[in-house]
Peer 1: 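First the structure, which I've put down as structure tokens, then a few questions once you've had a look.
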Amino acid sequence: MCKGEAELQDRLGSVVNMCNGDAELQDRLAELLTQGCDERIVINPNTGMHKYNGTNRPVPGSVRRSSCTFSVPTEDIFAEGVAALRHLEANEGKADALLGEVCQRLMDVWKIAPGTGITLFPSGTDAEFLPFLVGLCRAMKTGGKLASIITATGEVGSGTNDAAIGRHFSPMLPAQHQCPEHKVGGSIFPEGSTPDVDTILLKLRNAEGGRYSIEDLDQFVRDAVAKALGEDGYSVVIVHVVAGSKTGSIMPSLHVVADLLCEYGDRVMPVVDACQTRMQDVGLQSLIENGLPVLVTGSKFYGGPPFCGASLLPEAMVEELNEALSGGVPSFRDAVASSDLKAYISGALVAPELTALREMLPTDIPNLGLLLRWQMALYQIERYHSIPEADRDRIVKSWMDQFADVVKSKASPAVSIFEDTSIHLRGGSLPSKCRARSTTMDAIIDCGMFKMKTINMLELKKRIGVGDDGIEQWGHLSLDEMKKVHTLMATDVSGKDGWPEDPVLAKRIFIAQPVALAKEFVIIRAAIGAPLVRRIHAAEQGDAEDHAEVRREDEALVGKLHALLCDWPSSP
């Protein structure tokens, strides 16, 4: 074990020992981790899990491969949270300064330029509200309508379609007392205070689940923008660049965004949805330096507790929003002042650079749950980035190869890896204004995303019987059945509810939620995240047994899926 790891383990050991002696503080942290967000984070007392089948406490002996939906707290990150909570409770008023500390640490690790506004949000979904405000102020300044073009629809957050046009997306709000009554799908603004705002939904795939080529996806966006700003009469369009969908895809390329900005200027408001935050070291820095607002989370790839999001606003947009809210666009200022935005964030969570917005929002009880979630995420973020990028990339590729080998070695008729290749809509490349970059991988690299895959898409089939010829028959699962598999994987079902006694079925295995690629074709995911990268890197320094344990965990994952699906007809 290297010196740095030894020091980390010594520190972790002392913190864990301290935590073991303070169960009450651990309980308080677990409770706080479920506060200050929405119903997705609430723990079901019967299962001990939230809506996504994750937990608010470490689960010793479990397998964690769920980082493209949520991250179950590891023992060390939970210990870090307990230590942070202990420090906060011993230093009254410290929570007010914690935002600045969190933002500064994020700027340091991501090398974000000074002047960038970092606003913390309870999730990546409601982080949509901030770039939406910029688009809204532009539309209201010109007196026209606003449209939000949501790309890769169906493979981004379920609440995106509402949040991206300033609407409530959940029955439960982070600060419910600020908005006692609201309607899901209803505007966060008073009726009549803003112009018409609509969504334009663009899909990543065809009806059979095939992913369109990047040339086709870019053309879809060009056509949608031209139509919206032309015959449909919108004055401004917000264009989402999904830099990492639920399946690791991108839509559209940055080159088409550059072309649109050259053609339409400020009538196009781009925003990069990088909520998976599966980005190269310079990825976020480059996006911000090129004037693009970015949505991120610390709760997916980085391994922080769900939910913790942030919106990064470039300096020019910070100044634009400040001017509009300071009286430059009076109708916009009045609309924001009377909005329900205060039910999502208080002034204390808004970037200090956004002076006008901070002043308009109440100084409320600090969202302690959110601040602790970010504090815990930073524990993983900083340690992950301390590993050389070349080593991280090698570890990710090695694990992806290993996982594929585990699936192949199992030779299960129930479990296989779905290879997500792109298709051309018209059988060839479309005419393009883009500058010589024409493949999906080119677009991924240009956007600063990881150069290698980090998400395994698993195709599952259930045993449905035996044919007249004596050959076993297997069929795809429906979305509801896939959701059931997701729950069963996270649960010890050995000998329970009709399942046989089997140690394979007893293992609690957290994987990512299913995704419907088409109406009749659903996949489920297993992904690598920062905690696993760190764990493998540490194992390479001398813990060969733990390195082998990672493979055994992957074998358990595939084995449990196989066992569940082979016994599916007799299952409850």
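Scope of the values below: all heavy atoms of this structure, side chains included, with no hydrogens, waters or symmetry mates. This one's a predicted model, so the numbers in the text were calculated from it and none came from an experiment.
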Peer 1: Looking at Val225 and Tyr264, what are the two nearest heavy atoms and their distance?
Peer 2: CG1-CE1, 3.7 Å
Peer 1: Donor-acceptor pair, distance only, cut-off 3.5 Å: does the side chain of Arg358 make one with the backbone of Val350?
Peer 2: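 Yes, Arg358 side chain to Val350 backbone: donor-acceptor pair under 3.5 Å.
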Peer 1: So, Ser158 and Arg40: side-chain donor and acceptor under 3.5 Å apart, yes or no?
Peer 2: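 The criterion, which ignores hydrogens and geometry beyond distance, is not satisfied for Arg40 and Ser158.
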Peer 1: Check the pair Met140, Leu136 against side-chain contact (heavy atoms from CB on, under 4.5 Å), reporting the backbone distance first and the verdict last.
Peer 2: CA-CA 6 Å; Met140 294 183 73; Leu136 183 63; 3.9 Å; yes
Peer 1: Over 60° means perpendicular and under 30° means parallel, so tell me whether Tyr384 and Tyr302 are parallel, tilted or perpendicular.
Peer 2: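 Plane angle over 60°, so perpendicular.
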Peer 1: Working to the nearest 0.5 Å, report the span between NZ of Lys451 and CD1 of Ile445.
Peer 2: 6.0 Å
Peer 1: Of the options Leu349, Ile345, Asp126, which is the one that meets Pro174 in a side-chain contact (heavy atoms from CB on, under 4.5 Å)?
Peer 2: Asp126
Peer 1: So, Thr153 side chain and Ile150 main chain: donor-acceptor pair closer than 3.5 Å or not?
Peer 2: no
Peer 1: Less than 4.5 Å apart, side chain to side chain, heavy atoms only: is that true for Ile509 and Ile511?
Peer 2: yes
Peer 1: Does Asn456 use its side chain to pair, donor to acceptor, with the backbone of Ala527 at less than 3.5 Å?
Peer 2: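 A pair under 3.5 Å: no.
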Peer 1: So with a 6.0 Å cut-off around CD of Glu323, is the heavy-atom count from everything else above 12?
Peer 2: no
Peer 1: Are Phe307 and Phe121, when compared by the centres of their aromatic rings, separated by less than 6.0 Å?
Peer 2: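 No, ring centres 6.0 Å or more apart.
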Peer 1: Can you tell me if Tyr234 and Asp196 form a side-chain donor-acceptor pair at under 3.5 Å?
Peer 2: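 Not at all, the side chains of Tyr234 and Asp196 share no donor-acceptor pair under 3.5 Å.
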Peer 1: Under a 4.5 Å cut-off applied to non-hydrogen side-chain atoms, are Leu325 and Phe332 in contact?
Peer 2: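 Side-chain contact under 4.5 Å: yes.
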Peer 1: Begin with the C-alpha distance, continue with both residues' side-chain angles, and end with the deciding distance and a verdict on side-chain contact (heavy atoms from CB on, under 4.5 Å) for Lys300 and Thr297.
Peer 2: CA-CA 7 Å; Lys300 295 185 186 294; Thr297 70; 3.7 Å; yes
Peer 1: Which atom pair, heavy atoms only, marks the closest approach of Val184 to Pro171?
Peer 2: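 That closest heavy-atom pairing would be CG2-N, 3.5 Å.
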Peer 1: Determine whether the side chains of Arg525 and Thr69 contain a donor N or O and an acceptor N or O closer than 3.5 Å.
Peer 2: yes
Peer 1: Looking only at non-hydrogen atoms, find the nearest pair between Leu460 and Leu565 and report the distance.
Peer 2: CB-CD1, 3.8 Å
Peer 1: Using modelled atom types and a 3.5 Å cut-off, is there a donor and acceptor pairing between side-chain atoms of His385 and backbone atoms of Asp281?
Peer 2: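 Pair absent, no side-chain N/O of His385 close to backbone of Asp281.
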Peer 1: Would you call Arg211 and Asp216 a salt bridge, using N to O less than 4.0 angstrom?
Peer 2: no
Peer 1: Would you indicate whether the side-chain heavy atoms of Thr277 and Leu284 approach each other to under 4.5 Å?
Peer 2: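 Side-chain contact under 4.5 Å: yes.
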Peer 1: Would you mind reporting whether Val294 and Asp273 have side-chain heavy atoms less than 4.5 Å apart?
Peer 2: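 Asp273 does not reach Val294 side chain to side chain.
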Peer 1: Do the side-chain N and O atoms of Thr454 and Arg278 include a donor-acceptor pair separated by under 3.5 angstrom?
Peer 2: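 The answer is yes; a qualifying pair exists.
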Peer 1: State plainly whether the residues Glu155 and Lys203 are in salt-bridge range, i.e. N to O under 4.0 Å.
Peer 2: no
Peer 1: Whether the side chain of Gln280 engages the backbone of Met449 through a donor-acceptor N/O pair (distance < 3.5 Å, no angle test) should be reported.
Peer 2: yes
Peer 1: Side-chain contact, heavy-atom cut-off 4.5 Å: Trp110 with Ile288?
Peer 2: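 Result no, sub-4.5 Å side-chain heavy-atom pair not found.
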Peer 1: Tell me if a side-chain donor or acceptor on Ser67 pairs with a main-chain N or O of Ile528 at a distance below 3.5 Å.
Peer 2: yes
Peer 1: Can we say Asp391 and Arg394 salt-bridge, meaning some charged N sits less than 4.0 Å from an Asp/Glu carboxylate O?
Peer 2: yes
Peer 1: Would you mind reporting whether Pro514 and His486 have side-chain heavy atoms less than 4.5 Å apart?
Peer 2: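 They are in contact (side-chain heavy atoms under 4.5 Å apart), so the answer is yes.
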Peer 1: Let me check something: any side-chain donor-acceptor pairs from residues 141-149 under 3.5 Å, sequence neighbours excluded? List them with distances.
Peer 2:
residue	atom	partner	partner atom	Å
Thr142	OG1	Arg138	O	3.3
Thr142	OG1	Ala139	O	3.0
Thr142	OG1	Ser235	OG	3.3
Lys145	NZ	Asp232	O	3.2
Ser148	OG	Ala164	O	3.4

Peer 1: Looking only at atom types and distance, does a side-chain atom of Arg373 sit under 3.5 Å from a main-chain N or O of Gly304, one as donor and one as acceptor?
Peer 2: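 A pair under 3.5 Å: no.
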Peer 1: Roughly how far, to the nearest 0.5 Å, is the NE2 atom of His240 from the CD1 atom of Ile238?
Peer 2: 6.5 Å
Peer 1: Closest heavy-atom contact between Pro252 and Val256?
Peer 2: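 It is CB-CG1, 3.4 Å.
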Peer 1: Going through the checks in order, is the side-chain contact (heavy atoms from CB on, under 4.5 Å) test met by Leu458 and Leu561?
Peer 2: CA-CA 10 Å; Leu458 299 177; Leu561 285 173; 3.9 Å; yes
Peer 1: Can you tell me how far apart CD (Glu128) and OG (Ser311) are? Round to the nearest 0.5 Å.
Peer 2: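 Glu128 CD to Ser311 OG: 8.5 Å, rounded to 0.5 Å.
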Peer 1: Any side-chain to backbone donor/acceptor pair from Glu481 onto Ser478? Under 3.5 Å, distance only.
Peer 2: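 Checked: pair present.
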Peer 1: Using modelled atom types and a 3.5 Å cut-off, is there a donor and acceptor pairing between side-chain atoms of Thr487 and backbone atoms of Lys483?
Peer 2: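 Yes; at least one donor-acceptor contact below 3.5 Å.
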Peer 1: In Å and rounded to the nearest 0.5 Å, what is the OG to NE2 distance from Ser170 to His182?
Peer 2: 6.0 Å
Peer 1: What orientation do Phe169 and Phe129 show, parallel under 30°, tilted 30 to 60°, or perpendicular over 60°?
Peer 2: tilted
Peer 1: Consider only side-chain N and O atoms of Glu419 and Thr421, and report whether a donor and an acceptor are under 3.5 Å apart.
Peer 2: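 Side chains of Glu419 and Thr421: no pair found under 3.5 Å.
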Peer 1: Which residues satisfy the side chain to side chain donor-acceptor pair (under 3.5 Å) test with Gln402, sequence neighbours excluded?
Peer 2: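 So Gln402 forms a side chain to side chain donor-acceptor pair (under 3.5 Å) with Asp554.
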Peer 1: Check whether any side-chain N or O of Asn53 sits under 3.5 Å from a backbone N or O of Ala512 as a donor-acceptor pair, and report yes or no.
Peer 2: no
Peer 1: Shortest non-hydrogen contact from Tyr52 to Gln513?
Peer 2: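 Shortest heavy-atom separation between Tyr52 and Gln513 comes out as CD2-NE2, 3.2 Å.
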Peer 1: Do His424 and Glu215 pass the side-chain contact (heavy atoms from CB on, under 4.5 Å) test, and can you show the C-alpha distance, the side-chain angles, and the key distance before you say yes or no?
Peer 2: CA-CA 8 Å; His424 283 285; Glu215 299 99 320; 3.4 Å; yes
Peer 1: When you measure from the centre of the six-membered ring of Phe510, is the NZ or CZ of Arg65 under 6.0 Å away and within 45° of the axis?
Peer 2: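 Output no; distance or angle outside limits.
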Peer 1: Of all heavy-atom pairs between Gly248 and Ile455, which one has the smallest distance, and what is that distance?
Peer 2: N-CD1, 3.9 Å
Peer 1: Mind checking whether Phe403 and Trp399 have parallel, tilted or perpendicular rings, split at 30° and 60°?
Peer 2: tilted
Peer 1: Scan residues 328-345 for pairs that pass side-chain hydrogen bond (donor to acceptor under 3.5 Å, both in side chains), counting only residues two or more places apart or in two chains.
Peer 2: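 Sorted pair list: His168-Asp340, His168-Tyr344.
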Peer 1: Between Asp401 and Lys397 (salt bridge meaning N to carboxylate O under 4.0 Å), is one present in this structure?
Peer 2: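 Salt bridge: yes.
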Peer 1: Asp198 versus Ile165: any side-chain heavy-atom pair under 4.5 Å?
Peer 2: no
Peer 1: Can you confirm whether Arg64 sits close enough to Leu532 that some side-chain heavy atom of one is under 4.5 Å from a side-chain heavy atom of the other?
Peer 2: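 A side-chain contact under 4.5 Å is absent here.
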Peer 1: Within this structure, what is the CG-CG distance for the pair Leu130 and Leu357, rounded to the nearest 0.5 Å?
Peer 2: 7.0 Å
Peer 1: Which of these, Asp446, Asp442, Asp218, sits in a side chain to side chain donor-acceptor pair (under 3.5 Å) with His255?
Peer 2: Asp446
Peer 1: Taking atom CG of Leu354 and atom OG1 of Thr119, what is their separation to the nearest 0.5 Å?
Peer 2: 5.0 Å
Peer 1: Any donor-acceptor pair under 3.5 Å linking the side-chain atoms of Thr199 with those of Asn161?
Peer 2: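 Their side chains do not contain a donor-acceptor pair, so the 3.5 Å distance test is not met.
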